[in-house]
Amino acid sequence: MVVVTLQRQKCIGCNYCVELAPGQFQMSKKDGKSVLLHAIEKKGFFTLKSSEDTILESCENASNACPVKIISVKQV
């Protein structure tokens, strides 16, 4: 299982996550910040739990490219 977490309020809208993991991220037309698709929000953290291990590499690339380091990825 892959767990991806996004601290959306700190997003600067650089779009790297969308370019590297378009299946998991998209940019909001309302505020220009990243949205983690199919995530559950709790206290400002958006979390996606997926049994698809195929998203691991793209999400790790998005996390590494994020200039404000607000994406974390764990394999559990």
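Quick caveat, the model's predicted, so the values are computed rather than measured.
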For the backbone of [Y] and the side chain of [X], can you confirm whether one donor and one acceptor N or O come within less than 3.5 Å of each other?
{"X": "Glu41", "Y": "Gly44", "answer": "yes"}
{"X": "Lys69", "Y": "Asn64", "answer": "yes"}
{"X": "Arg8", "Y": "Phe46", "answer": "no"}

Contact check, side chains of [X] and [Y], non-hydrogen atoms, under 4.5 Å:
{"X": "Phe45", "Y": "Ile40", "answer": "no"}
{"X": "Leu37", "Y": "Gln24", "answer": "no"}
{"X": "Leu36", "Y": "Val4", "answer": "yes"}
{"X": "Met1", "Y": "Ser50", "answer": "no"}

Discussion item. List the residues meeting side chain to side chain donor-acceptor pair (under 3.5 Å) with Ser28, not counting sequence neighbours, and say none if there are none.
Written reply: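 Counting only residues at least two positions away or on another chain, Ser28 forms a side chain to side chain donor-acceptor pair (under 3.5 Å) with Asp31.
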
Practice prompt. Please identify each residue that fulfils side chain to side chain contact (heavy atoms under 4.5 Å, CB included) with Ser63, with sequence neighbours left out.
Written response: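 Here the qualifying residues are Ile71, Val73.
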
Worksheet entry | Contacts of type side chain to side chain contact (heavy atoms under 4.5 Å, CB included), residue Glu19, not counting sequence neighbours |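 Per chain and number, Glu19 pairs via side chain to side chain contact (heavy atoms under 4.5 Å, CB included) with Asn15, Tyr16.
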
Fill in: Within one Ile-Leu-Val-Met-Phe-Trp-Tyr cluster: Ile70 and Val18, side-chain cutoff 4.5 Å
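In one cluster with Ile70: Val18, yes.
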
Fill in: ILVMFWY cluster, Leu6 and Met27 together (side-chain gap under 4.5 Å)
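Yes, Leu6 and Met27 fall within the same hydrophobic cluster.
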
Worksheet item: Is the NZ atom of Lys29 crowded by more than 12 outside heavy atoms at less than 6.0 Å?
Response: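 Open: at most 12 neighbouring heavy atoms sit under 6.0 Å from NZ of Lys29.
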
Practice prompt. Might you confirm whether atom CD of Glu57 has over 12 heavy atoms from other residues, nucleotides or ligands at distances under 6.0 Å?
Written response: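 No, not enclosed.
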
Discussion item. Could you measure the distance from the NZ atom of Lys49 to the OG1 atom of Thr5? Nearest 0.5 Å is fine.
Written reply: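 Rounded to the nearest 0.5 Å, the NZ-OG1 separation comes to 8.5 Å.
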
Worksheet item: Out of curiosity, Leu56 CG to Lys74 NZ, how far, rounded to the nearest 0.5 Å?
Response: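 Leu56 CG to Lys74 NZ: 13.0 Å, rounded to 0.5 Å.
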
Grab the two heavy atoms, one from [X] and one from [Y], that are nearest each other, plus how far apart they are.
{"X": "Ser34", "Y": "Cys17", "answer": "OG-SG, 3.2 Å"}
{"X": "His38", "Y": "Leu48", "answer": "O-CD1, 3.6 Å"}
{"X": "Lys10", "Y": "Val68", "answer": "O-CG2, 3.8 Å"}

